[in-house]
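Chain naming here is simple, since letters A, B, ... match the order of the sequence lines and numbering starts at 1 in each.
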Number of protein chains: 2
Amino acid sequence: MFGKTIDVIECAPPDSRRTRILDRAALLFGEHGYDRTSMRDIATAVGILPGSVYYHFPSKEALLAAVYAAAIDQAIETLNAAIAPHSDPWDRLEAAAIAHLGILVGGGSIAVVIADGPNLPATARTELIAQRHRYEAVFRTLVSAIDLPPGVGRSSFRLALLGALNWSLTWYHANGDPPATVARNLFAVFRAGRLSNP
Amino acid sequence: MFGKTIDVIECAPPDSRRTRILDRAALLFGEHGYDRTSMRDIATAVGILPGSVYYHFPSKEALLAAVYAAAIDQAIETLNAAIAPHSDPWDRLEAAAIAHLGILVGGGSIAVVIADGPNLPATARTELIAQRHRYEAVFRTLVSAIDLPPGVGRSSFRLALLGALNWSLTWYHANGDPPATVARNLFAVFRAGRLSNP
DNA sequence: GTCTATATTAGGATAGAC
DNA sequence: GTCTATCCTAATATAGAC
(Lines give C-alpha, C1' and ligand atoms only; values in the text may rest on other atoms or scores of the structure.)
Protein backbone atom coordinates (compact mmCIF):
# COMPACT_ATOMS: atom_id res chain seq x y z
CA MET A 1 0.00 0.00 0.00
CA PHE A 2 2.72 2.38 1.02
CA GLY A 3 5.25 0.97 -1.42
CA LYS A 4 4.37 3.37 -4.14
CA THR A 5 6.72 6.29 -4.53
CA ILE A 6 5.12 9.63 -4.94
CA ASP A 7 7.12 12.45 -6.48
CA VAL A 8 6.34 15.38 -4.29
CA ILE A 9 9.13 17.63 -5.45
CA GLU A 10 9.01 18.12 -9.17
CA CYS A 11 9.62 21.81 -9.67
CA ALA A 12 13.08 22.70 -8.36
CA PRO A 13 15.18 22.36 -11.53
CA PRO A 14 12.31 20.79 -13.44
CA ASP A 15 14.60 18.73 -15.64
CA SER A 16 18.07 20.09 -15.71
CA ARG A 17 19.32 17.98 -18.61
CA ARG A 18 16.29 18.46 -20.77
CA THR A 19 16.40 22.16 -20.12
CA ARG A 20 20.07 22.39 -20.99
CA ILE A 21 19.49 20.61 -24.28
CA LEU A 22 16.61 22.94 -25.01
CA ASP A 23 18.72 26.00 -24.28
CA ARG A 24 21.73 24.97 -26.31
CA ALA A 25 19.59 23.84 -29.21
CA ALA A 26 17.79 27.17 -29.19
CA LEU A 27 21.10 28.97 -29.31
CA LEU A 28 22.51 26.89 -32.15
CA PHE A 29 19.30 26.88 -34.17
CA GLY A 30 19.14 30.64 -33.85
CA GLU A 31 22.76 31.09 -34.80
CA HIS A 32 23.21 28.67 -37.67
CA GLY A 33 19.72 27.72 -38.67
CA TYR A 34 17.89 24.44 -38.30
CA ASP A 35 19.38 22.57 -41.23
CA ARG A 36 22.93 23.49 -40.43
CA THR A 37 22.69 22.45 -36.80
CA SER A 38 23.20 18.74 -36.30
CA MET A 39 22.21 16.65 -33.35
CA ARG A 40 25.95 16.12 -32.85
CA ASP A 41 26.47 19.85 -32.52
CA ILE A 42 23.77 20.08 -29.93
CA ALA A 43 25.01 17.06 -28.00
CA THR A 44 28.56 18.41 -28.02
CA ALA A 45 27.42 21.79 -26.79
CA VAL A 46 25.59 20.16 -23.91
CA GLY A 47 28.49 17.88 -23.15
CA ILE A 48 26.84 14.56 -23.88
CA LEU A 49 26.96 12.14 -26.80
CA PRO A 50 24.62 12.30 -29.80
CA GLY A 51 22.69 9.21 -28.91
CA SER A 52 21.85 10.54 -25.46
CA VAL A 53 19.80 13.36 -26.88
CA TYR A 54 17.28 10.85 -28.10
CA TYR A 55 16.47 9.84 -24.57
CA HIS A 56 14.95 13.29 -24.05
CA PHE A 57 13.54 14.01 -27.48
CA PRO A 58 12.37 11.40 -29.94
CA SER A 59 13.54 13.27 -33.02
CA LYS A 60 15.18 16.44 -34.22
CA GLU A 61 11.83 17.81 -35.30
CA ALA A 62 10.34 17.18 -31.87
CA LEU A 63 13.27 19.05 -30.37
CA LEU A 64 12.65 21.93 -32.74
CA ALA A 65 8.99 22.06 -31.81
CA ALA A 66 9.87 22.16 -28.11
CA VAL A 67 12.47 24.87 -28.68
CA TYR A 68 10.02 26.84 -30.70
CA ALA A 69 7.21 26.70 -28.18
CA ALA A 70 9.48 27.74 -25.33
CA ALA A 71 10.94 30.53 -27.44
CA ILE A 72 7.54 31.89 -28.29
CA ASP A 73 6.44 31.85 -24.66
CA GLN A 74 9.53 33.73 -23.61
CA ALA A 75 9.25 36.20 -26.47
CA ILE A 76 5.65 37.01 -25.67
CA GLU A 77 6.61 37.74 -22.09
CA THR A 78 9.42 40.03 -23.24
CA LEU A 79 7.04 41.78 -25.58
CA ASN A 80 4.40 42.34 -22.92
CA ALA A 81 6.96 43.64 -20.47
CA ALA A 82 8.18 46.13 -23.07
CA ILE A 83 4.79 47.56 -23.92
CA ALA A 84 3.42 47.67 -20.39
CA PRO A 85 4.96 51.05 -19.38
CA HIS A 86 3.40 52.84 -22.36
CA SER A 87 -0.14 53.99 -22.86
CA ASP A 88 -0.20 55.80 -26.22
CA PRO A 89 -1.05 53.18 -28.87
CA TRP A 90 1.76 54.32 -31.20
CA ASP A 91 4.26 54.27 -28.38
CA ARG A 92 3.14 50.80 -27.39
CA LEU A 93 3.58 49.57 -30.94
CA GLU A 94 7.00 51.17 -31.19
CA ALA A 95 8.06 49.59 -27.91
CA ALA A 96 6.92 46.24 -29.29
CA ALA A 97 8.89 46.79 -32.49
CA ILE A 98 12.03 47.60 -30.55
CA ALA A 99 11.59 44.61 -28.30
CA HIS A 100 10.93 42.39 -31.29
CA LEU A 101 14.15 43.36 -33.02
CA GLY A 102 16.05 42.96 -29.78
CA ILE A 103 14.69 39.44 -29.47
CA LEU A 104 15.64 38.65 -33.05
CA VAL A 105 19.21 39.86 -33.08
CA GLY A 106 19.69 38.69 -29.54
CA GLY A 107 20.63 35.55 -31.45
CA GLY A 108 18.20 33.91 -29.13
CA SER A 109 15.86 31.09 -29.62
CA ILE A 110 12.97 32.63 -31.45
CA ALA A 111 15.10 33.77 -34.34
CA VAL A 112 14.79 30.29 -35.80
CA VAL A 113 11.09 30.44 -36.09
CA ILE A 114 11.25 33.88 -37.52
CA ALA A 115 14.29 33.96 -39.72
CA ASP A 116 14.48 30.34 -40.72
CA GLY A 117 10.77 29.92 -41.32
CA PRO A 118 10.74 28.75 -44.90
CA ASN A 119 13.52 26.24 -44.30
CA LEU A 120 11.96 24.34 -41.47
CA PRO A 121 10.81 20.78 -42.09
CA ALA A 122 7.45 20.60 -43.78
CA THR A 123 6.11 17.96 -41.43
CA ALA A 124 6.42 20.24 -38.40
CA ARG A 125 5.32 23.34 -40.27
CA THR A 126 1.71 23.35 -39.11
CA GLU A 127 2.61 23.28 -35.44
CA LEU A 128 5.27 25.92 -35.90
CA ILE A 129 3.03 28.26 -37.80
CA ALA A 130 0.41 27.98 -35.08
CA GLN A 131 3.00 29.05 -32.54
CA ARG A 132 4.12 31.96 -34.67
CA HIS A 133 0.55 33.16 -34.97
CA ARG A 134 0.28 33.15 -31.22
CA TYR A 135 3.20 35.55 -31.11
CA GLU A 136 1.97 37.74 -33.92
CA ALA A 137 -1.40 38.06 -32.24
CA VAL A 138 0.24 40.48 -29.83
CA PHE A 139 0.99 42.75 -32.76
CA ARG A 140 -2.48 42.28 -34.12
CA THR A 141 -3.89 43.64 -30.90
CA LEU A 142 -1.50 46.57 -30.83
CA VAL A 143 -2.23 47.50 -34.43
CA SER A 144 -5.96 47.35 -33.83
CA ALA A 145 -5.54 50.19 -31.34
CA ILE A 146 -3.91 52.72 -33.64
CA ASP A 147 -5.47 55.11 -36.13
CA LEU A 148 -4.51 54.42 -39.70
CA PRO A 149 -4.91 56.68 -42.72
CA PRO A 150 -7.75 55.79 -45.10
CA GLY A 151 -6.69 53.24 -47.67
CA VAL A 152 -4.25 51.47 -45.38
CA GLY A 153 -5.44 48.05 -44.28
CA ARG A 154 -4.73 46.91 -40.75
CA SER A 155 -3.39 43.54 -41.74
CA SER A 156 -1.27 45.05 -44.50
CA PHE A 157 0.13 47.47 -41.96
CA ARG A 158 0.91 44.71 -39.49
CA LEU A 159 2.47 42.46 -42.11
CA ALA A 160 4.53 45.29 -43.56
CA LEU A 161 5.84 46.28 -40.15
CA LEU A 162 6.72 42.75 -39.14
CA GLY A 163 8.24 42.11 -42.55
CA ALA A 164 10.44 45.17 -42.34
CA LEU A 165 11.61 44.18 -38.87
CA ASN A 166 12.13 40.50 -39.62
CA TRP A 167 13.93 41.21 -42.84
CA SER A 168 16.44 43.37 -41.06
CA LEU A 169 18.10 40.16 -39.92
CA THR A 170 19.46 39.74 -43.44
CA TRP A 171 21.28 43.05 -43.53
CA TYR A 172 21.80 43.75 -39.87
CA HIS A 173 25.60 43.39 -39.85
CA ALA A 174 26.14 46.17 -42.35
CA ASN A 175 24.88 48.77 -39.96
CA GLY A 176 26.75 49.52 -36.79
CA ASP A 177 23.67 50.83 -35.03
CA PRO A 178 22.31 48.90 -32.06
CA PRO A 179 19.06 47.00 -32.57
CA ALA A 180 16.98 49.58 -30.77
CA THR A 181 18.18 52.34 -33.11
CA VAL A 182 17.54 50.24 -36.18
CA ALA A 183 14.07 49.41 -34.92
CA ARG A 184 13.33 53.07 -34.19
CA ASN A 185 14.50 54.13 -37.66
CA LEU A 186 12.38 51.50 -39.33
CA PHE A 187 9.41 52.33 -37.18
CA ALA A 188 9.66 55.99 -38.16
CA VAL A 189 8.77 54.94 -41.69
CA PHE A 190 5.49 53.52 -40.49
CA ARG A 191 4.79 56.24 -38.00
CA ALA A 192 5.07 58.80 -40.78
CA GLY A 193 1.61 57.76 -41.88
CA ARG A 194 0.10 58.58 -38.52
CA LEU A 195 -2.90 60.83 -38.66
CA SER A 196 -2.20 64.23 -37.25
CA ASN A 197 -3.25 64.47 -33.61
CA PRO A 198 -6.50 66.29 -32.95
CA MET B 1 44.70 22.89 -94.23
CA PHE B 2 40.98 22.62 -94.78
CA GLY B 3 40.57 19.73 -92.44
CA LYS B 4 39.86 21.94 -89.46
CA THR B 5 36.23 22.37 -88.64
CA ILE B 6 35.19 25.88 -87.85
CA ASP B 7 32.03 26.46 -85.90
CA VAL B 8 30.39 29.32 -87.70
CA ILE B 9 27.06 29.02 -86.02
CA GLU B 10 27.42 29.38 -82.30
CA CYS B 11 24.54 31.59 -81.30
CA ALA B 12 21.36 29.76 -82.20
CA PRO B 13 20.72 27.91 -78.92
CA PRO B 14 23.90 29.18 -77.26
CA ASP B 15 24.31 26.12 -75.11
CA SER B 16 21.12 24.20 -74.93
CA ARG B 17 22.17 21.76 -72.24
CA ARG B 18 23.82 24.28 -69.99
CA THR B 19 20.83 26.56 -70.33
CA ARG B 20 18.41 23.79 -69.52
CA ILE B 21 20.32 22.92 -66.38
CA LEU B 22 20.36 26.56 -65.40
CA ASP B 23 16.62 26.88 -65.93
CA ARG B 24 15.63 23.76 -64.06
CA ALA B 25 18.00 24.51 -61.21
CA ALA B 26 16.56 28.00 -60.92
CA LEU B 27 13.07 26.54 -60.74
CA LEU B 28 13.95 23.95 -58.12
CA PHE B 29 16.06 26.30 -56.02
CA GLY B 30 13.22 28.79 -56.06
CA GLU B 31 10.65 26.20 -55.17
CA HIS B 32 12.37 24.14 -52.50
CA GLY B 33 15.36 26.19 -51.49
CA TYR B 34 19.03 25.57 -52.08
CA ASP B 35 19.66 23.04 -49.35
CA ARG B 36 16.66 20.93 -50.16
CA THR B 37 17.48 20.71 -53.83
CA SER B 38 20.02 18.02 -54.64
CA MET B 39 22.16 17.70 -57.73
CA ARG B 40 20.25 14.49 -58.33
CA ASP B 41 16.97 16.40 -58.37
CA ILE B 42 18.33 18.84 -60.89
CA ALA B 43 19.79 16.15 -63.09
CA THR B 44 16.53 14.22 -63.04
CA ALA B 45 14.55 17.32 -63.95
CA VAL B 46 16.82 17.93 -66.92
CA GLY B 47 16.74 14.29 -67.93
CA ILE B 48 20.41 13.46 -67.46
CA LEU B 49 22.34 11.66 -64.75
CA PRO B 50 23.84 13.32 -61.68
CA GLY B 51 27.41 12.96 -62.83
CA SER B 52 26.74 14.72 -66.09
CA VAL B 53 25.88 17.97 -64.39
CA TYR B 54 29.48 18.28 -63.31
CA TYR B 55 30.62 18.53 -66.90
CA HIS B 56 28.86 21.91 -67.11
CA PHE B 57 29.34 23.20 -63.58
CA PRO B 58 32.23 22.32 -61.30
CA SER B 59 30.18 22.36 -58.11
CA LYS B 60 26.74 22.97 -56.70
CA GLU B 61 27.83 26.36 -55.44
CA ALA B 62 29.09 27.37 -58.87
CA LEU B 63 25.75 26.35 -60.28
CA LEU B 64 24.00 28.47 -57.69
CA ALA B 65 26.17 31.46 -58.50
CA ALA B 66 25.37 31.10 -62.20
CA VAL B 67 21.66 30.74 -61.49
CA TYR B 68 21.77 33.74 -59.25
CA ALA B 69 23.54 36.01 -61.69
CA ALA B 70 21.18 35.10 -64.51
CA ALA B 71 18.20 35.59 -62.24
CA ILE B 72 19.36 39.02 -61.18
CA ASP B 73 19.93 40.12 -64.76
CA GLN B 74 16.48 39.00 -65.76
CA ALA B 75 14.87 40.56 -62.70
CA ILE B 76 16.51 43.90 -63.31
CA GLU B 77 15.18 43.89 -66.86
CA THR B 78 11.68 43.10 -65.62
CA LEU B 79 11.95 45.85 -63.08
CA ASN B 80 13.09 48.44 -65.59
CA ALA B 81 10.36 47.49 -68.02
CA ALA B 82 7.78 47.92 -65.28
CA ILE B 83 8.85 51.37 -64.20
CA ALA B 84 9.50 52.76 -67.67
CA PRO B 85 5.88 53.79 -68.46
CA HIS B 86 5.61 55.89 -65.31
CA SER B 87 6.99 59.33 -64.59
CA ASP B 88 5.76 60.25 -61.11
CA PRO B 89 8.41 59.04 -58.64
CA TRP B 90 5.85 57.41 -56.33
CA ASP B 91 4.18 55.68 -59.24
CA ARG B 92 7.54 54.42 -60.44
CA LEU B 93 8.34 53.04 -57.01
CA GLU B 94 4.94 51.40 -56.76
CA ALA B 95 5.38 49.82 -60.18
CA ALA B 96 8.73 48.48 -59.03
CA ALA B 97 7.19 47.08 -55.86
CA ILE B 98 4.49 45.31 -57.85
CA ALA B 99 7.00 43.92 -60.31
CA HIS B 100 9.24 42.80 -57.47
CA LEU B 101 6.51 40.81 -55.79
CA GLY B 102 5.50 39.33 -59.12
CA ILE B 103 9.06 38.17 -59.65
CA LEU B 104 9.20 36.69 -56.17
CA VAL B 105 6.00 34.70 -56.17
CA GLY B 106 6.47 33.82 -59.81
CA GLY B 107 8.37 30.99 -58.16
CA GLY B 108 11.10 31.96 -60.55
CA SER B 109 14.78 31.97 -60.19
CA ILE B 110 15.47 35.04 -58.15
CA ALA B 111 13.36 33.88 -55.24
CA VAL B 112 16.31 31.85 -54.04
CA VAL B 113 18.54 34.80 -53.64
CA ILE B 114 15.84 36.74 -51.97
CA ALA B 115 13.95 34.28 -49.86
CA ASP B 116 16.68 31.79 -49.13
CA GLY B 117 19.36 34.35 -48.44
CA PRO B 118 20.43 33.36 -44.94
CA ASN B 119 20.59 29.69 -45.85
CA LEU B 120 22.94 29.90 -48.76
CA PRO B 121 26.46 28.52 -48.39
CA ALA B 122 28.78 30.90 -46.61
CA THR B 123 31.57 30.46 -49.13
CA ALA B 124 29.48 31.84 -51.96
CA ARG B 125 27.83 34.49 -49.82
CA THR B 126 30.06 37.38 -50.87
CA GLU B 127 29.41 36.92 -54.55
CA LEU B 128 25.70 36.47 -53.99
CA ILE B 129 25.37 39.54 -51.85
CA ALA B 130 27.15 41.60 -54.48
CA GLN B 131 24.59 40.45 -57.03
CA ARG B 132 21.72 41.26 -54.72
CA HIS B 133 23.04 44.74 -54.18
CA ARG B 134 23.09 45.23 -57.93
CA TYR B 135 19.39 44.48 -57.92
CA GLU B 136 18.58 46.61 -54.91
CA ALA B 137 20.42 49.52 -56.45
CA VAL B 138 17.42 49.97 -58.70
CA PHE B 139 15.31 50.60 -55.63
CA ARG B 140 17.92 52.88 -54.17
CA THR B 141 17.64 55.08 -57.25
CA LEU B 142 13.87 55.07 -57.17
CA VAL B 143 13.75 55.95 -53.50
CA SER B 144 16.21 58.79 -53.97
CA ALA B 145 13.66 60.43 -56.25
CA ILE B 146 10.75 60.62 -53.81
CA ASP B 147 10.00 63.14 -51.12
CA LEU B 148 10.06 61.69 -47.64
CA PRO B 149 8.69 63.20 -44.46
CA PRO B 150 11.25 64.63 -42.05
CA GLY B 151 12.65 62.04 -39.71
CA VAL B 152 12.37 59.21 -42.21
CA GLY B 153 15.72 58.03 -43.52
CA ARG B 154 16.04 57.02 -47.14
CA SER B 155 17.80 53.80 -46.46
CA SER B 156 15.41 52.91 -43.68
CA PHE B 157 12.56 53.55 -46.06
CA ARG B 158 14.10 51.38 -48.77
CA LEU B 159 14.95 48.57 -46.38
CA ALA B 160 11.51 48.66 -44.78
CA LEU B 161 9.79 48.53 -48.16
CA LEU B 162 11.92 45.68 -49.48
CA GLY B 163 11.57 43.86 -46.17
CA ALA B 164 7.80 44.12 -46.23
CA LEU B 165 7.70 42.84 -49.81
CA ASN B 166 10.24 40.06 -49.36
CA TRP B 167 8.67 38.86 -46.16
CA SER B 168 5.34 38.42 -47.87
CA LEU B 169 6.74 35.20 -49.30
CA THR B 170 6.31 33.63 -45.88
CA TRP B 171 2.60 34.29 -45.62
CA TYR B 172 1.59 34.62 -49.23
CA HIS B 173 -0.51 31.47 -49.41
CA ALA B 174 -2.91 32.57 -46.72
CA ASN B 175 -4.23 35.39 -48.81
CA GLY B 176 -6.10 34.66 -51.99
CA ASP B 177 -5.22 37.99 -53.54
CA PRO B 178 -2.99 38.06 -56.61
CA PRO B 179 0.57 39.33 -56.11
CA ALA B 180 -0.18 42.71 -57.64
CA THR B 181 -2.97 43.34 -55.15
CA VAL B 182 -0.83 42.27 -52.22
CA ALA B 183 1.96 44.55 -53.42
CA ARG B 184 -0.43 47.46 -53.84
CA ASN B 185 -1.85 46.97 -50.35
CA LEU B 186 1.59 46.82 -48.81
CA PHE B 187 2.75 49.81 -50.79
CA ALA B 188 -0.19 51.84 -49.56
CA VAL B 189 1.30 51.59 -46.08
CA PHE B 190 4.45 53.34 -47.27
CA ARG B 191 2.69 55.76 -49.52
CA ALA B 192 0.63 56.97 -46.57
CA GLY B 193 3.67 58.90 -45.44
CA ARG B 194 3.88 60.84 -48.69
CA LEU B 195 4.07 64.57 -48.22
CA SER B 196 0.94 66.30 -49.39
CA ASN B 197 1.33 67.61 -52.91
CA PRO B 198 2.00 71.31 -53.26
C1' DG C 1 20.43 8.44 -18.19
C1' DT C 2 24.37 7.98 -20.57
C1' DC C 3 27.53 5.34 -23.08
C1' DT C 4 29.49 2.50 -27.30
C1' DA C 5 28.78 1.07 -31.59
C1' DT C 6 26.46 0.97 -35.62
C1' DA C 7 22.53 0.81 -39.06
C1' DT C 8 20.78 3.55 -42.67
C1' DT C 9 20.18 7.05 -45.80
C1' DA C 10 21.41 10.82 -48.59
C1' DG C 11 24.13 14.06 -50.90
C1' DG C 12 28.35 16.03 -53.23
C1' DA C 13 31.75 14.75 -56.09
C1' DT C 14 35.09 11.83 -59.15
C1' DA C 15 37.18 8.19 -62.52
C1' DG C 16 37.03 6.18 -66.56
C1' DA C 17 34.35 3.76 -70.26
C1' DC C 18 31.95 4.93 -74.44
C1' DG D 1 28.96 15.09 -73.41
C1' DT D 2 26.89 11.57 -71.21
C1' DC D 3 26.90 7.24 -68.79
C1' DT D 4 28.15 3.71 -65.12
C1' DA D 5 29.83 2.94 -60.94
C1' DT D 6 31.45 4.36 -56.84
C1' DC D 7 33.92 6.97 -53.01
C1' DC D 8 33.49 9.84 -49.16
C1' DT D 9 31.39 12.31 -45.88
C1' DA D 10 27.88 13.62 -42.75
C1' DA D 11 23.58 13.19 -40.57
C1' DT D 12 19.46 10.99 -38.22
C1' DA D 13 18.40 7.44 -35.55
C1' DT D 14 18.60 2.81 -32.98
C1' DA D 15 20.18 -1.34 -30.02
C1' DG D 16 21.90 -2.82 -26.13
C1' DA D 17 25.60 -2.60 -22.49
C1' DC D 18 26.43 -0.34 -18.07
Of all residues at least two apart in sequence or in a different chain, which pass the side-chain hydrogen bond (donor to acceptor under 3.5 Å, both in side chains) check with [X]?
X      : answer
A:D73  : A:R134
A:S38  : A:D41
B:T123 : B:E61

Under the salt bridge (Lys or Arg N to Asp or Glu O under 4.0 Å) rule, collect the residues that match up with B:D35, sequence neighbours excluded. A:R36
Under the salt bridge (Lys or Arg N to Asp or Glu O under 4.0 Å) rule, collect the residues that match up with B:D91, sequence neighbours excluded. B:R191
Please tabulate the protein-to-nucleotide N/O contacts below 3.5 Å involving nucleotides 2-5 of chain C, giving atom names and distances.
residue : atom : partner : partner atom : Å
C:dT2   : OP1  : A:R17   : NE           : 2.7
C:dT2   : OP2  : A:H56   : NE2          : 2.7
C:dC3   : OP2  : A:L49   : N            : 2.8
C:dC3   : OP2  : A:S52   : OG           : 2.8

Please name all residues satisfying ring pair (Phe, Tyr, Trp, His ring centres under 6.0 Å) with B:F187, sequence neighbours left out, ordered by chain then number. none
For a salt bridge (charged side-chain N to carboxylate O under 4.0 Å, His left out) check, start with the C-alpha distance between B:E136 and B:R140, then their side-chain angles and the critical distance, and finish with the verdict. CA-CA 6 Å; B:E136 291 180 354; B:R140 193 183 294 263; over 6 Å; no
Roughly how many Å is it from OH in B:Y54 to C1' in C:dT14, rounded to a whole number? 9 Å
What is the distance, to the nearest angstrom, from the CZ atom on A:F57 to the P atom on C:dG1? 13 Å
Listed pairs, N/O of protein and of nucleotides 7-11 of chain C, under 3.5 Å:
none

Which donor-acceptor pairs under 3.5 Å do side chains of residues 48-57 of chain B form with protein atoms, sequence neighbours excluded?
residue : atom : partner : partner atom : Å
B:S52   : OG   : B:L49   : O            : 3.4

